[in-house]
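Below, chains carry the letters A, B, ... as their sequence lines are ordered, and counting in each starts from 1. Because the structure is predicted, anything quoted here is derived from the model rather than measured. Atoms considered below: every heavy atom in the structure, side chains included; atoms not considered: hydrogens, waters and symmetry mates.
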Amino acid sequence: MFLEFWRDVEALLRDALDRCGFPLPEADGKVEGNELLLEMSPHADLASTISFRLAPVLKKSPAEISRRLQEAIVLEGKGTVDRAEAMGPYLNFFSSGRFLESTVLEAAADDCWTGSMTERVIVEHTSANPNGPLHVGHIRNSVIGDTLVRILRRAGCRVDAQYYVNDMGRQIAIVVWGCGRYPLDGSKPDHAIAKVYIQANKDLAAAPELKAGVDRLMQLYEAGDPETAAKFREKVEYALSGIDETLGRLNIAHDSRRWESEFVRDGSTAEVLKALEATGLTGWEEGSLQLDLSGQGFEKKLVLKRSDGTSLYTTRDLAYHRWKAERSDRMIDVLGADHKLISGQLRAALRLMGVREPEIVIFEFVSLPTGSMSTRRGKFISTDELLDEVEAQAYREVTARRPEEGEEFRRAVAREVALGAVRYDVVRVSPEKATVFDWKAALDFEKLSAPFIQYSHARACSILDKAGSFGDFDPGLLSGPEEVELVKKISQFDLAIDLAARELKPHLLATYARELAEIFNQFYRASPVLEADPGVREARLALVEAARNCLRATLETLGIPALESM
RNA sequence: GGGCGUGUAGCCUAGCCAGGACAAGGCGGCAGCCUCCUAAGCUGUAGAUCAAGGGUUCGAAUCCCUUCACGCCCGCCA
């Protein structure tokens, strides 16, 4: 679809540059992959501003360069391109009727939504400490991570979504220690663990001498004491079962878990330490092993081993990343902004060891109107609570709109609308923006939201359902402006996926989804389908089918259920 | 104090990395559209010195410098 059009335009433009004897603009290393300066434009299907770049080199006006290029373009054999026009300094390209027709045919056949990437990718996301439930800060990690997984799969990659289980940290030792003092009540496992964790922290704050008990647990666990290991394993698994349940409500599942203790037990953490010592940049300070990263631009030394001999999160993480590097072509970590510094140090240390560095997607924090969240202090809105509230609101909405439907239908719709609303609300904002959680916005199901997109899909389904089967169609009859716009937007599915997959920007797909739904709704309003004249009716039905398939593929890639009725 | 990030209409956000054709959406405001395929929809309208100041450029929301505001980090926590 659109990527093919893009490649055809590139070929035409390169060829024209050749004919004119014009050079490619200086590749200043920044324009990588787009030295022809092609961009989306409201004035064309694809536009180039290359003439501006060439003007000082050729000592000609941009308009003249565009005119010469247009004259030099030979369309022959490029079926997706209809024409090129020099519009002042700009060079505008327009897609052909044949391109639009084949887009409708492919999309209606529902077999054009997977790209051609083939890399093996490991995406690590969520990886929350198993010391309590996911809260509304964590879901940003989970939703961005899972959406990236889905986008990369859609692009063609083989993806392994991993949860890195922090079972060796102090937090977990505190949980295990706390469980020795307080029973877990019968509530949802992750919530029950949090209660003990919060109480244990209070105890420790009140009586700091108790800390020794926690330290001792950490040492025993690191040493591999079987009884301690069983306790840790049990509590962590218990918390994870609750976390998994919540993730399930969000339509998120990991393919595998890696426990950080694995990397201590199998000796790879020790190997990493050895490899780092071989760089000559490590040293012992006050009994702890530290790595000097000043050559990599980090002032602070990185502590690799505590003075009591136990390892630290970062050291184990280095072993984990070495493991991942050996098993993937791309590895991607989704991390909160608080990990910016440490992940930079991690990359620097990997560089020193000659291990490929991960691509890191950093997202800024979600805070409450009253301030930042904290599991330790019990100050958070849990994801479960959020989903419950949104679901209740969705239930009220669907009951008001579809009173004739049964309880089961309304419950099911409410659940899927709520899940979609929460996911979309998170994914639509670019990760580098800090956000403040807002109940009112979370419960708003209007235009800039998942239900808006789900609704478009349901409308398309409704039309197709009423139409039943229909015969051959001529896509050439789709010439109204709303029809053409819709086809063009459908064709851009592969572009949206490709861009989001290469740049790891899931919010680009959220934007695409909104635009697609919006254009479908405009088409819906302007173009009767079932009552259209024979011929036009079949063509429009095919377009509705194409749009339905595209909406469904887009929603699925966003992890949002594509409801057929709501 | 140092590092990183953010600042776009009353509110939330896209665009910024790869500078170019009128700064794009949503919420809220105002005005319309259901004898017609689901109105969770569609149409119109008002609302922006793109934080401030300087610079680079034929051209800056976008690049550079300074300042201000907010967030995060600077732990033998994760």
Enumerate the residues from [range] whose closest heavy atom to RNA chain B is under 4.0 Å, giving them by residue number; use none for an empty result.
{"range": "residues 286-296 of chain A", "answer": "A:Glu286, A:Ser288"}
{"range": "residues 461-468 of chain A", "answer": "A:Ser462, A:Ile463, A:Lys466"}
{"range": "residues 498-510 of chain A", "answer": "A:Glu503, A:Lys505, A:His507"}

Under the ring-ring contact (aromatic ring centres under 6.0 Å, His included) rule, collect the residues that match up with A:His138, sequence neighbours excluded. A:His135
OP1, OP2 of [N] versus side-chain N and O of [X]: anything below 4.0 Å?
{"X": "A:Arg316", "N": "B:A78", "result": "yes"}
{"X": "A:Tyr524", "N": "B:A39", "result": "yes"}
{"X": "A:Arg376", "N": "B:C77", "result": "no"}
{"X": "A:Arg428", "N": "B:G25", "result": "no"}
{"X": "A:Asn521", "N": "B:G41", "result": "no"}
{"X": "A:Ser430", "N": "B:A14", "result": "yes"}
{"X": "A:Gln345", "N": "B:C73", "result": "no"}

Can you name the residues that form a side chain to side chain contact (heavy atoms under 4.5 Å, CB included) with [X], not counting sequence neighbours?
{"X": "A:Ala412", "result": "A:Arg415"}
{"X": "A:Tyr524", "result": "A:Arg459, A:Ile463, A:Phe520"}
{"X": "A:Arg14", "result": "A:Leu24, A:Glu35, A:Leu36"}

Pick the [atom1] atom in [N] and in [M], then give their distance to the nearest Å.
{"N": "B:C36", "M": "B:A31", "atom1": "C1'", "answer": "23 Å"}
{"N": "B:U45", "M": "B:A52", "atom1": "C1'", "answer": "32 Å"}
{"N": "B:G10", "M": "B:A48", "atom1": "C1'", "answer": "12 Å"}
{"N": "B:G41", "M": "B:G3", "atom1": "C1'", "answer": "48 Å"}
{"N": "B:U6", "M": "B:C17", "atom1": "C1'", "answer": "15 Å"}
{"N": "B:U8", "M": "B:U13", "atom1": "P", "answer": "8 Å"}
{"N": "B:G44", "M": "B:U49", "atom1": "P", "answer": "24 Å"}
{"N": "B:C27", "M": "B:C70", "atom1": "P", "answer": "31 Å"}

Taking only distance into account, with no hydrogens and no angle test, what donor-acceptor pairs under 3.5 Å do side-chain atoms of residues 542-549 of chain A form with protein atoms, sequence neighbours excluded?
| unit_1 | atom_1 | unit_2 | atom_2 | d |
| --- | --- | --- | --- | --- |
| A:Asn549 | OD1 | A:Arg552 | NH2 | 3.2 |
| A:Asn549 | ND2 | A:Ala107 | O | 2.8 |
| A:Asn549 | ND2 | A:Ala108 | O | 3.3 |
| A:Asn549 | ND2 | A:Glu545 | O | 3.3 |

Are [X] and [Y] close enough for a salt bridge, meaning some N to O gap below 4.0 Å?
{"X": "A:Asp444", "Y": "A:Lys440", "result": "no"}
{"X": "A:Glu85", "Y": "A:Arg83", "result": "yes"}
{"X": "A:Lys447", "Y": "A:Glu518", "result": "yes"}

Between C1' on B:C72 and CG on A:Leu335, what's the gap in Å once rounded to a whole number? 14 Å
Among [options], the one nearest [X] by side-chain distance:
{"X": "A:Arg459", "options": "B:A78, B:A39, B:G75", "value": "B:A39"}
{"X": "A:Val417", "options": "B:A40, B:C76, B:A78", "value": "B:A40"}
{"X": "A:Val413", "options": "B:A78, B:A40, B:C74", "value": "B:A40"}
{"X": "A:Arg53", "options": "B:G59, B:C42, B:C76", "value": "B:G59"}

Hey, is the side chain of A:Thr49 pairing donor to acceptor with the base of B:A21 inside 3.5 Å?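 No pair found.
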Glycosidic class, syn or anti, of B:C34 using a 90° window around 0: syn
So which protein N/O to nucleotides 27-32 of chain B N/O distances come out below 3.5 Å?
none

Remember a base hit wins even if backbone is also touched, and classify A:Ala526 as base, sugar-phosphate or nothing at under 4.0 Å, heavy atoms. nothing
At 4.0 Å (heavy atoms only), tell me whether A:Phe445 reaches a base, stays on the sugar-phosphate, or touches nothing.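 Base, at least one base heavy atom under 4.0 Å.
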Pick out the pairs of N or O atoms, protein on one side and nucleotides 6-9 of chain B on the other, that lie under 3.5 Å.
| unit_1 | atom_1 | unit_2 | atom_2 | d |
| --- | --- | --- | --- | --- |
| B:G7 | OP1 | A:Lys433 | NZ | 3.1 |

Under 3.5 Å, which protein N or O atoms sit close to an N or O of nucleotides 33-35 of chain B? Give each pair with its distance.
none

Taking all non-hydrogen atoms of both residues into account, name the closest pair between A:Pro358 and A:Leu346 and its distance.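 Scanning both residues completely, I find the closest heavy atoms to be CG-CD2, 4.4 Å.
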In residues 363-372 of chain A, what donor-acceptor pairs under 3.5 Å come from side-chain atoms, sequence neighbours left out?
| unit_1 | atom_1 | unit_2 | atom_2 | d |
| --- | --- | --- | --- | --- |
| A:Glu364 | OE2 | A:Lys340 | NZ | 2.9 |

